[in-house]
Amino acid sequence: MLSPKRTKFRKVQKGSNKGRASRGTRVVDGEYGLQALEPAWITANQIEAVRVTLSRYTKKVGKTWIKIFPDKPITKKPAETRMGSGKGNPEYFVAVVKPGRILFEVAGLGEATSKEALKKAMHKLPIKCKIVSKAEQEMEEKGE
């Protein structure tokens with residue numbers, strides 16, 4: 001599972017997930033990418049599930065990039081605990097994702113295989129996503 005080696009603070013506040021992503025909205029490394037359409041917290045387990053799915057498709061031919069990292073600790077109080085007595089202990093880590101963020105990228109597979117792999121990966125995530133290509137983004141840039 002992905003988690004930070006060390007953090008500045010053991011527990012963090014919930015924070016806000018409003019607005020669109022300002023960074024990481026373009027396909028940079030790969031040819032095709034998976035772009036988030038909704039805000040969410042994506043857990044380390046979900047990222048791992050997508051990684052396994054994509055690695056099954058890429059085998060030794062293609063390459064996969066994970067463009068998000070779970071660095072926010074989520075705390076949870078034990079079951080059947082009385083109210084009060086402070087915040088719970090960190091249970092797992094999440095990546096904060098805003099709409100427009102590229103989550104995963106693939107390259108070296110061909111269009112049909114890449115889209116099929118990313119489609120399967122979409123089903124492992126708790127949010128709506130869309131498949132974007134580097135070529136389409138470059139065409140949009142030139143058109144504007």
Side-chain angles (χ1 to χ4, degrees), residues 1-81 86-144:
M1 250 20 79
L2 290 172
S3 66
K5 286 189 179 82
R6 48 186 289 278
T7 56
K8 191 170 185 181
F9 299 106
R10 210 164 68 87
K11 302 173 184 178
V12 298
Q13 294 180 329
K14 276 201 171 71
S16 168
N17 207 0
K18 288 184 195 162
R20 293 189 56 79
S22 57
R23 292 174 177 83
T25 57
R26 297 232 160 276
V27 178
V28 182
D29 301 312
E31 295 163 4
Y32 295 91
L34 203 58
Q35 189 174 40
L37 298 176
E38 299 174 337
W41 282 352
I42 297 183
T43 66
N45 290 351
Q46 290 163 345
I47 294 171
E48 178 64 14
V50 172
R51 188 196 66 77
V52 168
T53 304
L54 290 175
S55 69
R56 286 214 177 105
Y57 272 87
T58 53
K59 307 264 193 232
K60 292 177 182 174
V61 237
K63 183 148 171 51
T64 307
W65 289 269
I66 302 171
K67 305 299 279 188
I68 52 174
F69 186 80
D71 56 355
K72 181 187 184 90
I74 301 300
T75 60
K76 198 170 182 187
K77 306 241 336 210
E80 299 175 12
T81 308
K87 192 171 181 174
N89 292 324
E91 287 292 310
Y92 56 95
F93 287 88
V94 298
V96 179
V97 171
K98 291 185 176 186
R101 178 83 187 200
I102 300 291
L103 309 174
F104 302 91
E105 292 181 17
V106 292
L109 291 179
E111 185 177 358
T113 318
S114 294
K115 287 189 175 179
E116 182 65 28
L118 290 171
K119 198 171 188 175
K120 291 266 197 234
M122 263 194 256
H123 295 300
K124 306 288 181 189
L125 295 170
I127 57 172
K128 286 181 185 170
C129 298
K130 73 174 182 180
I131 298 168
V132 292
S133 74
K134 195 174 196 173
E136 285 173 14
Q137 287 182 339
E138 287 170 357
M139 293 290 279
E140 285 175 15
E141 272 183 13
K142 288 177 184 174
E144 291 177 4

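Below, each value reflects all heavy atoms present in this structure, side chains not excepted, and no hydrogens, waters or symmetry copies.
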Considering only heavy atoms from C-beta outward, does the side chain of I47 approach that of F104 to under 4.5 Å? yes
Determine whether D29 and K63 satisfy the following criterion, salt bridge (charged side-chain N to carboxylate O under 4.0 Å, His left out), listing intermediate values before the conclusion. CA-CA 10 Å; D29 301 312; K63 183 148 171 51; over 6 Å; no
Please list every donor-acceptor pair under 3.5 Å in which a side-chain atom of residues 88-95 meets a protein atom from a residue at least two apart or in another chain.
none

Do other residues, nucleotides or ligands put more than 12 heavy atoms under 6.0 Å from the NZ atom of K120? no
Give me the atom names and distance for the closest heavy-atom approach of P73 to R10. CG-O, 3.4 Å
Please check this pair: side chain of E138 against backbone of A135, looking for a donor-acceptor N/O pair closer than 3.5 Å. no
Please indicate whether K11 has more than 12 foreign heavy atoms, meaning atoms of other residues, nucleotides or ligands, lying under 6.0 Å from its NZ. yes
Indicate yes or no: at least one non-hydrogen side-chain atom of V12 is less than 4.5 angstrom from one of T75. no
Sub-4.5 Å side-chain heavy-atom contact between C129 and M122: yes
Side-chain contact test, heavy atoms from C-beta onward, threshold under 4.5 Å: evaluate it for V132 versus Q137 and give yes or no. yes
Which pairs with one or both residues in residues 99-113 pass side-chain hydrogen bond (donor to acceptor under 3.5 Å, both in side chains), sequence neighbours excluded? E111-K115
Could you tell me if the side chain of K124 sits less than 4.5 Å from the side chain of V50, heavy atoms only? yes
Indicate yes or no: at least one non-hydrogen side-chain atom of K98 is less than 4.5 angstrom from one of E38. no
Minimum heavy-atom separation for A40 and I127, please, with both atom names. CB-CG2, 3.1 Å
Residues L2 and A44: closest non-hydrogen pair is O-CB, 3.3 Å
I'd like to know whether V97 forms a side chain to side chain contact (heavy atoms under 4.5 Å, CB included) with W41, so could you lay out the CA-CA distance, the side-chain angles of the two residues, the decisive distance to 0.1 Å, and finally the verdict. CA-CA 6 Å; V97 171; W41 282 352; over 6 Å; no
State, yes or no, whether a side-chain contact exists between T7 and D71 at a heavy-atom distance under 4.5 Å. no
Expected list for residues 54-62: side-chain donor-acceptor pairs under 3.5 angstrom, two or more places apart:
unit_1: S55; atom_1: OG; unit_2: R51; atom_2: O; d: 3.3
unit_1: S55; atom_1: OG; unit_2: V52; atom_2: O; d: 2.8
unit_1: T58; atom_1: OG1; unit_2: L54; atom_2: O; d: 3.1
unit_1: T58; atom_1: OG1; unit_2: S55; atom_2: O; d: 3.4
unit_1: K59; atom_1: NZ; unit_2: R56; atom_2: O; d: 3.1

Can you tell if the side chain of I102 reaches within under 4.5 Å of the side chain of R26, non-hydrogen atoms only? no
